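Okay, handing you the structure first.
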Amino acid sequence: MVSWDGNGGDGMDFRKSIAELLSTRTGLAADVLAASVEVPPDPALGDYAFPCFPLAKTLRKAPPAIAAELAAGFSDGAAPFLARVQAVGGYLNFFLDRAVFAGAVVRDVLAAGERLGATDEGAGRTAIVEYSSPNIAKPFHVGHAFTTILGNSLARLYAHLGHPVVRMNHLGDYGTQFGKLIVAFEKWGDEAALEKDAIRELLRIYVKFHDEAKDDPSLEDAARARFVRLEERRPEELALWQRFRDLSLAEFARVYDRMGIAFDDYSGESFYSDKIPAVVEMLQAKGLLEESEGAQIVRLDDEKLPPCIVLKSDGATIYASRDIAAVLWRKERYGFWKNIYVVGNPQSLHFQQVFAVLRKAGYACADDCVHVGFGLVKFADRKLSTRAGDVIFLDELLDESVAKTREIIDRNAELRGTDMSEAERADVAEKVGIGAVQYAFLRNGRDRDLVFSWEEMLDFDGETGPYAMYTYARARSVLRKAEAEGAAPADASDADLARLGGDEEAAVARLLYGFGDAVRRAADANEPYLLTRQVAGIARAFNKFYNNQSILSAPDPETRRARIALTGAVCVALKTGLGLLGIAAVERM
RNA sequence: GGGCUCAUAGCUCAGCGGAUAGAGCAACGGCCUUCUAAGCCGUGGGUCGGGGGUUCGAUUCCCUCUGGGCUCACCA
């Protein structure tokens with residue numbers, strides 16, 4: 001029997017077992033063979049396949065002949081987990097014993113529970129994930145959704161793999177813009193409006209400032225002067241800055257709470273500001289700094305990158321110097337294994353420069369810094385623009401989605417005659433509506449630009465967040481009925497589980513089996529969509545099973561117990577998978 | 001102009017060098033006296049941007065061209 005590790009580790013590896021069987025028959029190294037063992041495009045062709053084409057040259061035989069010969073070497077009982085081995089063309093196809101396979105998968109998924117796919121391989125290796133990082137006093141719009149949702153999922157994935165995780169929100173809470181806000185608030189600020197809706201009020205006076213500054217350049221000077229005083233930590237300026245920051249954070253927190261997102265560290269730009277002089281000194285001491293056009297720069301010609309500006313010609317710091325200081329501080333504070341930046345693709349060059357400067361300065365940790373970029377969120381016909389007022393607040397988007405969900409819930413409740421309370425309807429609408437938005441950002445690879453469309457965002461048909469959540473709710477509904485009749489997933493015996501040999505059941509089992517691998521691949525590539533697809537696949541396979549087979553009215557008690565167990569395993573996988581994407585599961589919808 | 005990135009069905013996108021290129025949406029046709037129809041089943045739909053090359057085999061790797069997007073010093 002194949003060794004089996006229900007926690008999703010490397011134990012239950014049929015590919016490896018097959019490679020070992022092939023190794024004894026061909027004399028080739030098992031790990032080399034494992035690399036070429038693949039999964040056929042159609043399950044009817046088998047569960048695994050070994051292409052014999054590469055052997056043709058060394059064996060001086062036609063691939064189909066090699067496949068046929070190898071197949072003959074696999075007599076019945078070559079391995080207990082194999083039902084049969086068949087040569088088709090140049091391929092050697094392996095069929096797993098379905099009942100053994102499905103039964104083993106279901107048993108182990110149920111045993112793993114919410115630890116499905118979890119490992120402790122990351123123990124002692126801290127992963128820092130920097131994400132969201134909004135600017136204080138600016139609207140939190142859909143453009144911020146990508147980094148926030150993506151980063152949240154990555155943090156959860158790393159934690160699932162055993163890494164200590166530090167979730168960092170690198171707030172944009174410093175700079176001349178605060179001088180502007182201080183000037184603008186003293187001139188035109190509205191106390192009541194600030195208390196009521198801080199960001200809208202701050203945005204209003206910020207826009208007002210720019211309008212007025214066109215006719216009155218002295219405003220810009222005043223703003224610079226106030227920022228200098230802020231840097232000197234004068235009480236008056238510091239108090240206003242602190243207030244703007246606190247009020248903004250409180251508003252951000254509302255959105256974060258709704259999405260189940262939290263941070264361990266809110267050290268933003270202001271925090272690193274006093275750590276920059278030491279960095280400049282260090283670069284100077286290492287002879288890396290150079291003056292050019294009045295600015296202090298580090299040349300990166302040998303890295304084939306444009307020079308990195310560390311100090312502006314007026315001596316002020318710039319975001320590159322802040323980010324360099326941040327890496328060094330984080331290394332000292334957390335001793336990170338990986339320092340991950342979930343920041344849009346347009347900043348790719350910036351991070352290359354920052355990492356290159358650190359490398360030149362001799363810091364090995366530069367190689368542990370990773371920029372995880374992603375595409376822009378834009379409208380079909382134009383860019384998202386704060387200035388043009390073309391923003392959709394993330395809150396508004398969530399509200400729309402929740403409202404749409406609520407309509408569907410009410411309609412369905414009437415149709416089905418269910419007894420959902422007002423409180424439950426509200427709770428479910430909130431979770432499903434928000435899950436739909438989160439899912440939309442995790443459905444595809446992160447590199448592509450995401451064209452925002454209300455229509456698509458609020459379409460809950462097909463492969464969407466609500467689809468996966470609906471499937472879970474449906475499966476839970478079956479289990480509740482089973483429980484009411486005294487049956488539970490854990491009741492199934494090995495003999496019962498041997499009944500899971502049908503096409504639909506095997507398809508579900510295959511996808512459940514791939515769960516752990518999907519989690520690891522998603523983390524390795526920093527691509528949560530790899531897990532999203534696995535979750536969607538499990539949901540689709542279960543729906544197909546659900547529509548074609550009876551669970552509670554199965555033909556016999558053994559099959560019924562087995563199918564209840566399978567349904568339980570699907571619930572475990574869906575809830576765990578959605579959780580890793582940052583999406584809540586609901587019991588009814 | 002340099003760099004990065006993308007180009008696959010009408011639309012949005014998957015596709016670790018391997019079998020007949022897949023999914024969802026949209027379109028069309030079916031399925032609620034039986035476990036939730038936000039579901040399931042079926043049909044149609046493709047010169048994988050163009051051209052070379054490597055390979056037993058290329059949507060996948062290399063080169064080149066075309067066309068988008070982002071970026072290239074004092075905003076982040």
Side-chain angles (χ1 to χ4, degrees), chain A residues 35-36 38-42 45 49 51 53-54 56-57 62-63 88-91 93 133 135 170 172 174-177 269 292-297 304-314 316-320 322-323 343-350 352-353 373 375-376 378 383 405 408-409 411-413 415-416 418 432 436 440 443-445 447-451 453 455-456 459-471 473-482 521 529-530 533 536-537 539-540 543-554 563-564 567 588-589:
Chain A
S36 51
E38 56 190 53
V39 176
D42 181 349
L45 290 166
F53 307 99
K57 200 166 271 180
V88 177
Y91 289 92
N93 293 336
S133 309
N135 283 326
H170 192 82
Y174 222 50
T176 322
Q177 50 174 332
E269 291 161 13
S292 171
E293 296 172 34
Q296 292 294 316
I297 65 161
K304 291 181 178 166
L305 292 171
C308 178
I309 296 182
V310 176
L311 288 180
K312 300 196 278 184
S313 48
D314 64 0
T317 62
I318 189 171
Y319 60 112
R322 280 194 275 272
D323 274 333
V343 179
N345 280 331
Q347 293 199 49
S348 157
L349 178 60
H350 162 69
Q352 282 182 57
Q353 289 177 305
L376 265 57
K378 57 186 187 183
K383 266 177 91 167
T405 304
I408 297 172
I409 290 171
R411 176 156 38 84
N412 285 343
L415 229 61
R416 299 170 189 157
T418 49
V432 175
R443 188 195 316 213
N444 297 131
D447 262 325
R448 275 176 191 278
D449 289 346
L450 200 138
V451 178
S453 130
E455 202 182 332
E456 232 171 281
D459 181 359
F460 300 156
D461 292 333
E463 203 170 292
T464 62
Y467 174 83
M469 299 168 91
Y470 176 71
T471 309
R474 239 182 175 185
R476 284 292 305 145
S477 175
V478 172
L479 292 184
R480 278 194 300 273
K481 287 203 163 82
R521 279 171 33 242
Y529 91 93
L530 293 169
R533 295 192 79 221
R540 198 176 329 115
N543 277 322
K544 188 167 182 163
F545 164 68
Y546 177 97
N547 274 279
N548 291 305
Q549 308 295 337
S550 295
I551 300 166
L552 297 177
S553 310
R563 287 180 178 170
I564 288 171
T567 303
R588 299 207 290 174
M589 63 187 273

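Per chain, numbering begins at 1; letters A, B, ... match sequence-line order. Side chains are part of it too, since the values below use all heavy atoms of this structure and drop only hydrogens, waters and symmetry mates. Owing to the predicted nature of the structure, the values given are computational and were not obtained by experimental measurement.
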*Pro63(A) near the nucleic acid: base, sugar-phosphate alone, or nothing, with a heavy-atom cut-off under 4.0 Å?*
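Here Pro63(A) touches no strand at all.
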*Please work out if Gln347(A) contacts a base, only the sugar-phosphate, or nothing of the nucleic acid, heavy-atom cut-off 4.0 Å.*
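Base, at least one base atom sits under 4.0 Å.
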*Using a heavy-atom cut-off of under 4.0 Å over every strand shown, decide if Asp314(A) touches base, sugar-phosphate, or nothing.*
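No contact.
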*Pick base, sugar-phosphate or nothing for Ser36(A), based on heavy-atom distances below 4.0 Å to the nucleic acid.*
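Nothing, no heavy atom under 4.0 Å.
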*Expressed in whole Å, how much space separates the P atoms belonging to C4(B) and U64(B)?*
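Nearest-Å result for C4(B) against U64(B) at atom P: 11 Å.
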*Please name the pair of heavy atoms, one in Tyr467(A) and one in Gly462(A), separated by the smallest distance, quoted to 0.1 Å.*
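Taking Tyr467(A) first and Gly462(A) second, the nearest heavy atoms are CB-O, 2.9 Å.
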*asked:* Expressed as a whole number of angstroms, how long is the span from Gln353(A):CD to G3(B):C1'?
replied: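 Value for this atom pair: 11 Å.
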*Between C72(B), A73(B), C25(B), spot the one nearest the side chain of Asp461(A), thanks.*
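Of the candidates, C25(B) comes closest.
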*Looking at C40(B), A19(B), U36(B), which one has an atom nearest to any side-chain atom of Asn548(A)?*
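Of the options given, the side chain of Asn548(A) lies nearest C40(B).
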*asked:* Quick check on RNA chain B: between Arg474(A) and Pro40(A), whose nearest nucleotide comes earlier from the 5' end?
replied: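 Nearer the 5' end of the strand: Pro40(A).
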*Between A37(B) atom P and Asn412(A) atom CG, what is the distance in whole Å?*
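The distance from CG of Asn412(A) to P of A37(B) comes to 9 Å, rounded to the nearest Å.
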*Counting just side-chain N and O atoms, does Tyr319(A) come under 4.0 Å of either OP1 or OP2 of A76(B)?*
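No, Tyr319(A) has no side-chain N/O under 4.0 Å of OP1/OP2 on A76(B).
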*Paired stems touching RNA chain B, three or more consecutive Watson-Crick or G-U pairs with both distances under 3.5 Å?*
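Stem list for RNA chain B: B:1-7 with B:66-72, B:10-13 with B:22-25, B:27-31 with B:39-43, B:49-53 with B:61-65.
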*Of all heavy-atom pairs between Ala440(A) and Leu450(A), which one has the smallest distance, and what is that distance?*
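For Ala440(A) and Leu450(A), the tightest heavy-atom pair comes out as O-CD1, 4.0 Å.
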*Selected nucleotide, minimal atom distance to Asn543(A) side chain, candidates A38(B), U71(B), C40(B)*: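 Per side-chain heavy atoms of Asn543(A), the pick is C40(B).
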_Over all strands shown, is Leu415(A) touching base, sugar-phosphate only, or nothing at heavy-atom distances under 4.0 angstrom?_
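It contacts nothing in the nucleic acid.
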*asked:* When the C1' atoms of C31(B) and G15(B) are compared, how many Å lie between them, rounded to an integer?
replied: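 G15(B) and C31(B) have their C1' atoms separated by 32 Å.
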*Among the nucleotides C35(B), A23(B), A37(B), which one has an atom lying closest to any side-chain atom of Val478(A)?*
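Between C35(B), A23(B), A37(B), the one nearest the side chain of Val478(A) would be C35(B).
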*Closest to the Leu45(A) side chain, choosing from A19(B), A73(B), U36(B)*: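 My answer, after comparing the listed nucleotides, is A19(B).
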*Of all the choices, A19(B), G39(B), C35(B), which nucleotide is nearest to the side chain of Pro41(A) once you look at every atom?*
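Of all the options, the side chain of Pro41(A) is nearest to A19(B).
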*Between the main-chain N or O of Leu376(A) and the side-chain N or O of Asp449(A), is there a donor-acceptor pair closer than 3.5 Å?*
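Indeed, once roles are kept as given, a pair shorter than 3.5 Å links the two residues.
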*Under the side chain to side chain contact (heavy atoms under 4.5 Å, CB included) test, which residues partner Ile297(A), sequence neighbours left out?*
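Partners of Ile297(A) by the side chain to side chain contact (heavy atoms under 4.5 Å, CB included) criterion, ordered by chain and then number, come out as Glu290(A), Ser292(A), Ala295(A), Arg299(A), Pro307(A), Ile309(A).
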*Within the pair Ser477(A) and U36(B), is there a side-chain N or O less than 4.0 Å away from OP1 or OP2?*
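For U36(B), OP1/OP2 do have a side-chain N/O of Ser477(A) under 4.0 Å.
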*Does Arg322(A) put a side-chain nitrogen or oxygen below 4.0 Å from OP1 or OP2 of A76(B)?*
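Affirmative; the distance criterion is met.
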*Looking for any heavy atom pair under 4.0 Å, which part of the strands does Ser550(A) touch: base, sugar-phosphate only, or nothing?*
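Base contact - Ser550(A) has a heavy atom under 4.0 Å of at least one base atom.
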*Nucleotide-resolved protein contact map, nucleotides 10-16 of chain B, B/S/- at heavy-atom distance under 4.0 Å*: --SSSSB
*To the nearest 0.5 Å, how far apart are CD in Glu38(A) and CG in Asn93(A)?*
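Those atoms lie 9.0 Å apart.
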_Least distance between heavy atoms, Asn345(A) atom then Gly375(A) atom_ =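 Here Asn345(A) and Gly375(A) meet closest at ND2-N, 3.6 Å.
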_Sugar-phosphate only, base, or nothing, as touched by Ile409(A) at under 4.0 Å among non-hydrogen atoms_ =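 Ile409(A): base contact, heavy atoms under 4.0 Å.
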_Does Tyr467(A) reach a base, just sugar-phosphate, or nothing at all? Heavy atoms under 4.0 Å._
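Sugar-phosphate, backbone atoms only, no base.
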*So what does Ala56(A) hit on the nucleic acid, given a heavy-atom distance under 4.0 Å: a base, only sugar-phosphate, or nothing?*
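The residue Ala56(A) makes no contact with any strand.
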_Base, sugar-phosphate or nothing for Asn93(A)? Non-hydrogen atoms, less than 4.0 Å._
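Answer is base: heavy atoms of Asn93(A) come under 4.0 Å of a base.
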*Select base, sugar-phosphate, or nothing to describe what Leu552(A) touches, counting heavy atoms under 4.0 Å on all strands.*
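Base contact - Leu552(A) has a heavy atom under 4.0 Å of at least one base atom.
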*Atom pair CZ (Arg563(A)) and OH (Tyr546(A)), whose distance is rounded to the nearest 0.5 Å*: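 That separation rounds to 13.5 Å.
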*Counting just side-chain N and O atoms, does Lys304(A) come under 4.0 Å of either OP1 or OP2 of G3(B)?*
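It does not, given that no N or O in the side chain of Lys304(A) lies less than 4.0 Å from OP1 or OP2 of G3(B).
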*Any idea which of A19(B), C70(B), A38(B) is nearest the Arg416(A) side chain?*
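Minimum distance to the Arg416(A) side chain belongs to A38(B).
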*asked:* Just the rounded figure in Å: distance from C1' of G39(B) to CD of Gln549(A).
replied: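 These atoms are roughly 16 Å apart.
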*Mind checking the P distance from U33(B) to C28(B)? Whole angstroms is fine.*
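The same atom, P, in both gives a distance of 24 Å.
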*When syn is taken as a glycosidic angle within 90 degrees of 0, is C48(B) syn or anti?*
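Judged by the O4'-C1' to base torsion, C48(B) sits in anti, the angle falling more than 90° away from 0.
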_With rounding to the closest Å, how many angstrom separate the C1' atoms on U47(B) and A76(B)?_
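Taking atom C1' in both U47(B) and A76(B), they lie 46 Å apart.
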*Write down the distance between CZ (Phe545(A)) and C1' (C41(B)), rounded to a whole number of angstrom.*
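Whole-Å distance recorded here is 17 Å.
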*Round to the nearest Å and state the distance from Asp42(A) atom CG to A21(B) atom P.*
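For the pair Asp42(A) CG and A21(B) P, the rounded distance is 13 Å.
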*Nearest 0.5 Å, what's the CD1-CE distance between Ile408(A) and Met589(A)?*
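So the gap between those two atoms works out to 8.0 Å.
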*asked:* With a 3.5 Å distance limit and no angle check, can you tell me whether Asp459(A) reaches the backbone of Glu455(A) through a side-chain donor-acceptor pair?
replied: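 Between the backbone of Glu455(A) and the side chain of Asp459(A) there is no qualifying donor-acceptor contact (under 3.5 Å).
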*Touch class at under 4.0 angstrom, heavy-atom based, for Ser133(A) against every strand present*: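 Nothing, no nucleic acid heavy atom in range.
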*Closest heavy-atom contact between Val432(A) and Met469(A)?*
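Shortest heavy-atom contact: CA-CE, 3.6 Å.
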*Check each of Arg533(A), Arg443(A), Arg540(A) against Glu463(A) using the salt bridge (charged side-chain N to carboxylate O under 4.0 Å, His left out) test, and report the only one that passes.*
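Option passing the salt bridge (charged side-chain N to carboxylate O under 4.0 Å, His left out) with Glu463(A): Arg540(A).
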*Any side-chain heavy atom of Leu311(A) within less than 4.5 Å of one from Thr317(A)?*
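In contact.
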*Which nucleotide sits closest to the side chain of Lys544(A): C40(B), C56(B), A76(B)?*
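Nearest to the side chain of Lys544(A) among the choices is C40(B).
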_Under 4.0 Å, heavy atoms only, any strand: does Met469(A) hit a base, just the sugar-phosphate, or nothing?_
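The answer is nothing, as Met469(A) stays clear of every strand by at least 4.0 Å.
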*Between C72(B), G24(B), C56(B), which nucleotide has the shortest distance from any of its atoms to the side chain of Leu349(A)?*
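Nucleotide nearest to Leu349(A)'s side chain: C72(B).
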_Proximal nucleotide (of A76(B), G24(B), A37(B)) relative to the Glu463(A) side chain_ =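 The nucleotide sitting nearest to the side chain is G24(B).
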*What is the minimum heavy-atom distance between Leu552(A) and Lys481(A), and which atoms define it?*
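Closest approach of Leu552(A) to Lys481(A): CD1-CB, 3.7 Å.
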*Grab the two heavy atoms, one from Asp447(A) and one from Gly373(A), that are nearest each other, plus how far apart they are.*
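Residues Asp447(A) and Gly373(A), closest heavy atoms: OD1-O, 4.4 Å.
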_Return whichever of Arg540(A) or Ser313(A) has its heavy-atom-nearest nucleotide of RNA chain B closer to the 5' end._
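It is Arg540(A) whose nearest nucleotide is closer to the 5' end.
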*With heavy atoms under 4.0 Å as the rule, sort Ala473(A) into base, sugar-phosphate or nothing.*
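It contacts base atoms.
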_Pairwise C1' distance for U59(B) and A21(B), with rounding to whole Å_ =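 It comes out at 7 Å once rounded to the nearest Å.
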*d(NE2, His350(A); P, C72(B)) in whole Å*: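 The distance from NE2 of His350(A) to P of C72(B) comes to 12 Å, rounded to the nearest Å.
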